[in-house]
Amino acid sequence: MIDIKELKTRYSEIKKNIADRYMNVDLDKIIQDQDRRAELLLEVENLRARRNENASKMKGKMDPETRARLIAEGKALKEELAGKEAEFSAVDALFQAEARTIPNYAHPKAPVGKEDKDSLAVKFHGEIPHFSFKPKDHVQLGESLDVLDFDSGAKVAGQKFYYIKNQLVILQMALERYAMDIVLKHGFTPFITPDIAKEEILQGIGFNPRGEESNIYTIEGTGTCLVGTAEITLGGYYQNTILDKSQLPIRMTGLSHCFRREAGGAGQYSKGLYRVHQFSKLEMFIYCLPEESDKFHEEILSIEEEIFSGLGLAYRVVDTATGDLGAPAYRKFDIEAWMPGRGEAGEYGEVTSTSNCTDYQARSLNIRYRDDDGKIRFVHMLNGTAVALSRAIVAIMENYQNEDGTIRVPQALVPYTGFDLITKK
RNA sequence: GGAGAGAUGUCCGAGUGGUCGAAGGAGGCAGACUCGAAAUCUGUUGUAGUACAUUCGUAUUACCGAGGGUUCGAAUCCCUCUCUCUCCGCCA
């Protein structure tokens, strides 16, 4: 969440930001509740002070009459306090919930706009491949090579689940290791994270685990959820911690399964592996000093580019429009790889996403550092995809297909796969 | 899954319902001693709010794993939960 002390001091900025993001947040109502909360808090604290004063009068010996009088006073205070406290906690809970809906500030350079097409392509890399035949999409390719099985996935687990089979299993593992090696080269500490996290962690990261449109699977009766990304578990790692300044930056990379409900996510653009309920992903995460987060955002992006250019894929980098940022993100860059099987004649499809969330998540999760002046400040937190295996596989299968339906393995992966062609077994 | 023990400040560790934001030690910081260091001595040392002052501040509230409860008053008593440790069971 943002700093609630700024609701008034940065009022017009926050208001504009909400508008730029096309969000429906009533700032004035929230400020009203904030004022009401402050009023009640003051009353509660005054009552508590009187209660404490009354109690401390009763420490020593005294005549029974005085004692009886003080106890009666204490009882009255106690009752009054209970009422006020109930009133306060109701308003407080309301205010806290409302305050959490206020999005993070946006980077001044983030393009303002409502949706996808308002995002700005800031860089193009590589040649879009030309085929002397009509390229197939990855679903056709995968099923005819017997390396992808959506029918059995649907039968056993439901719609949008799948089995990966045969050589594609090895390709996925190769990709995983290929990306891991690149990320490790840049000084990240590797993790395999839990695939489950507590609801409070999800909320702190900025996910809403409940409600109709939630993308999160909750596990009934446990207070936990299946994670949608290792961003959640890497970001929760230092919850309630005061880090030493010398520890920063902390670079972590985590491999996890990712689970997403994707309610209503069907359609041409979500075909096959592109949008599924479960996939594996290697995620990068950085905790850093506030003044360094822009720099590290660029660093994450450049590692992502290294991974995808190394695979020989054509891609573009997109500076995401404010309306598409997601509440915690201050700025977000996506890499979109060219996917020949997407749409009518191929299209770019998102393969990575990196966000600078500044102190927004750190404030909710209470992750701070001790600065040189002894003051304790919130860290900045950034995340970025190293490789989302399912999406990368879509791009590789479609870009590296041959006319006979076989698929070449990108050069960079051959040392990891041990073969250079995927054929029907 | 069963039985037991435990959770206190940066760390270790004490704590009879009121004099406990919390003994004592270690560590950190400042100072004395020293050419300098070690040792020694002295002082100091949590976090988050709120109200005034907004210059050092003053007052006050909350926090002893989390959440409830009892009480005029809870680190201390009661309940629930979480986590850690030991033993048993089960298992990759």
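Chain naming here is simple, since letters A, B, ... match the order of the sequence lines and numbering starts at 1 in each.
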Legend entry - Partner residues of A:F95 under the ring-ring contact (aromatic ring centres under 6.0 Å, His included) criterion, sequence neighbours left out: none
Inset, instruction - Counting heavy atoms from C-beta on, name the nucleotide in B:G49, B:A62, B:C72 closest to the side chain of A:R48. - result: B:A62
Inset, instruction - Answer yes or no: does a side-chain N or O of A:R37 lie under 4.0 Å from OP1 or OP2 of B:U50? - result: no
Inset, instruction - Tell me whether the guanidinium CZ or amine NZ of A:R251 lies under 6.0 angstrom from the six-membered ring centre of A:Y287 and within 45° of its axis. - result: no
Inset, instruction - May I ask which nucleotide in the shown strands pairs with B:G21, Watson-Crick or G-U wobble, both distances under 3.5 Å? - result: none
Inset, instruction - To the nearest Å, give me how far apart CE (A:M58) and P (B:U71) are. - result: 14 Å
Inset, instruction - Specify the separation, in whole Å, of atom CZ of A:R51 and atom P of B:U60. - result: 14 Å
Inset, instruction - Kindly indicate whether the side chain of A:K165, heavy atoms from C-beta on, has any atom under 4.5 Å from the side chain of A:L168. - result: no
Inset, instruction - If B:C63 has a Watson-Crick or G-U wobble mate with both distances under 3.5 Å, name it; if not, just say none. - result: B:G46
Legend entry - 5' priority, RNA chain B, between A:I376 and A:E73 [closest heavy atom]: A:I376
Inset, instruction - Under 4.0 Å between any heavy atoms, over every strand shown, what does A:R370 touch: base, sugar-phosphate, or nothing? Just pick one. - result: sugar-phosphate
Legend entry - Strand partner of B:A51, provided both Watson-Crick or wobble distances fall under 3.5 Å: B:U58
Legend entry - Assigned partner base of B:A75, Watson-Crick or wobble definition, under 3.5 Å: none
Inset, instruction - Have a look at A:L70 and say if it touches a base, only the backbone sugar-phosphate, or nothing, with a 4.0 Å heavy-atom cut-off. - result: nothing
Legend entry - Nucleotide B:G65, atom C1' - distance to NZ of A:K198 in whole Å: 11 Å
Inset, instruction - In whole angstrom, give the distance that lies between atom CG of A:N52 and atom P of B:U50. - result: 19 Å
Inset, instruction - Check every atom of B:A51, B:G73, B:U82 against the side chain of A:K78 and return the nucleotide holding the closest atom. - result: B:G73
Inset, instruction - Anything under 30° is parallel, anything over 60° is perpendicular, the rest tilted; go ahead and classify A:Y237 against A:F191. - result: perpendicular
Inset, instruction - Kindly say if A:R368 contacts the phosphate of B:A48, meaning a side-chain N or O under 4.0 Å from OP1 or OP2. - result: yes
Legend entry - Under 4.0 angstrom between A:K5 side-chain N/O and B:G49 OP1 or OP2: yes
Inset, instruction - Figure out the CD/P separation between A:Q239 and B:A66, and round it to whole Å. - result: 13 Å
Legend entry - Parallel, tilted or perpendicular: ring planes of A:Y162 versus A:F150, cut at 30 and 60 degrees: tilted
Legend entry - Nearest-nucleotide 5' precedence on RNA chain B, A:N46 against A:I71: A:N46
Legend entry - Out of B:G18, B:U60, B:G49, whichever nucleotide has its closest atom nearest the side chain of A:A49: B:U60
Legend entry - Pair partner, B:C41 [Watson-Crick or wobble, under 3.5 Å]: B:G31
